[in-house]
Q: 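Quick one: structure below, then a few questions.
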Amino acid sequence: MMDSQLTRETSLLLGVNDVSPVFEQNAAGRSPFLLTSDHYGRLIPKVLGDLGLPESELVRHIAWDIGIAGVAMRLAQLLDAHLIAQRYSRLVIDCNRPPHAASSIPRLSEATTISGNEGLSREDTEIRRREIFEPYHRRIDAVIDQRAHDKRPTLLLSLHSFTPVYAGVARPWHIGTLYHRDKTLPPLMLKALRAEGDLVVGDNEPYAVSDETDYTIPVHGEARGFINTGIEIRQDLIADESAQQQWAERLARILGEIEARLYPGVSSG
Ligand SMILES: [Zn+2]
């Protein structure tokens, strides 16, 4: 009885043919950097169909962070860092929004109406939160707890990508550092990225982090007192695998230098 009740309760959204929302790579990685990717995937639970959208909309930036998965996985490998990522589309539930925010389950994204998100009951929204948002953030919490317990440092790096043109306006930046309260990692990142010489670097561009518009950095980084920053890379620069590899290599080099500055005399290898 218990088992069938449990199964019924937990399969309201994700069925046997749906994968876990949490993707992890290199969980035993020894780097102080903990990589997260809230908009890594664009899966939709089978029971939600296509959310009322054509395929052409479901591959756009409104559904996920184009290109970031390839960068995140390569960066995790190069840094020997743990990556925790979320496989479902931000159109199902945005894992970098507080669940009470209107944009958590968007009915409109840029100029696209998401009909599958209209008229949701309170229970519908709670199920999405319970089956996708919460497992992802619980896992990040648990990993940070374990690292603290093991007396290992955690530098939280939240990886995103942004569309080159938003609402008709072209964005000049190649990469941006996004932050709010952290005074350690963002200035080091900005300095290192500017020193590259060939990059247009955004300082809290194309947008800044806030408690209302973000979740991962305020909750896992700031509220818990861990050094953190967000990174946003322009999507047209990481469109294919070789570009993703080049950006991962560049970021791994920069982050390795920052790690050496933060922990002088300590070798992570
Ligand atoms: Zn994102």
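Counting starts at 1 for both ligands and their atoms, following the listed order.
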Q: Which residues pass the side chain to side chain donor-acceptor pair (under 3.5 Å) test with T216, not counting sequence neighbours?
A: D38
Q: Could you tell me whether the side chain of F33 reaches within less than 4.5 Å of the side chain of L75, counting heavy atoms only?
A: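 When only atoms from C-beta onward are counted, F33 and L75 do not touch, as no gap falls below 4.5 Å.
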Q: With ring pair (Phe, Tyr, Trp, His ring centres under 6.0 Å) as the test, would you mind laying out the steps for Y215 and H137 before giving the verdict?
A: CA-CA 9 Å; Y215 191 88; H137 288 293; 4.5 Å; yes
Q: Check all N, O or S atoms of D65 and name the one closest to the Zn ion (ligand 1).
A: OD2
Q: Would you be so kind as to tabulate the donor-acceptor pairs closer than 3.5 Å made by side chains of residues 114-125, with sequence neighbours excluded?
A:
{"unit_1": "N117", "atom_1": "OD1", "unit_2": "R128", "atom_2": "NH1", "d": "2.7"}
{"unit_1": "N117", "atom_1": "OD1", "unit_2": "R128", "atom_2": "NH2", "d": "3.3"}
{"unit_1": "N117", "atom_1": "ND2", "unit_2": "L91", "atom_2": "O", "d": "2.8"}
{"unit_1": "N117", "atom_1": "ND2", "unit_2": "P106", "atom_2": "O", "d": "2.7"}
{"unit_1": "S121", "atom_1": "OG", "unit_2": "E123", "atom_2": "N", "d": "3.4"}
{"unit_1": "S121", "atom_1": "OG", "unit_2": "D124", "atom_2": "N", "d": "3.0"}
{"unit_1": "S121", "atom_1": "OG", "unit_2": "D124", "atom_2": "OD1", "d": "3.4"}
{"unit_1": "S121", "atom_1": "OG", "unit_2": "D124", "atom_2": "OD2", "d": "3.1"}
{"unit_1": "R122", "atom_1": "NE", "unit_2": "E126", "atom_2": "OE2", "d": "3.3"}
{"unit_1": "D124", "atom_1": "OD2", "unit_2": "S121", "atom_2": "N", "d": "2.9"}
{"unit_1": "T125", "atom_1": "OG1", "unit_2": "R122", "atom_2": "O", "d": "2.8"}

Q: Please give the atom name: the N, O or S atom of H39 nearest to the Zn ion (ligand 1).
A: ND1
Q: With the Zn ion (ligand 1) as the reference point, give the N/O/S atom of H160 that is nearest.
A: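 Considering only N, O and S atoms, H160 comes nearest to the Zn ion (ligand 1) through ND1.
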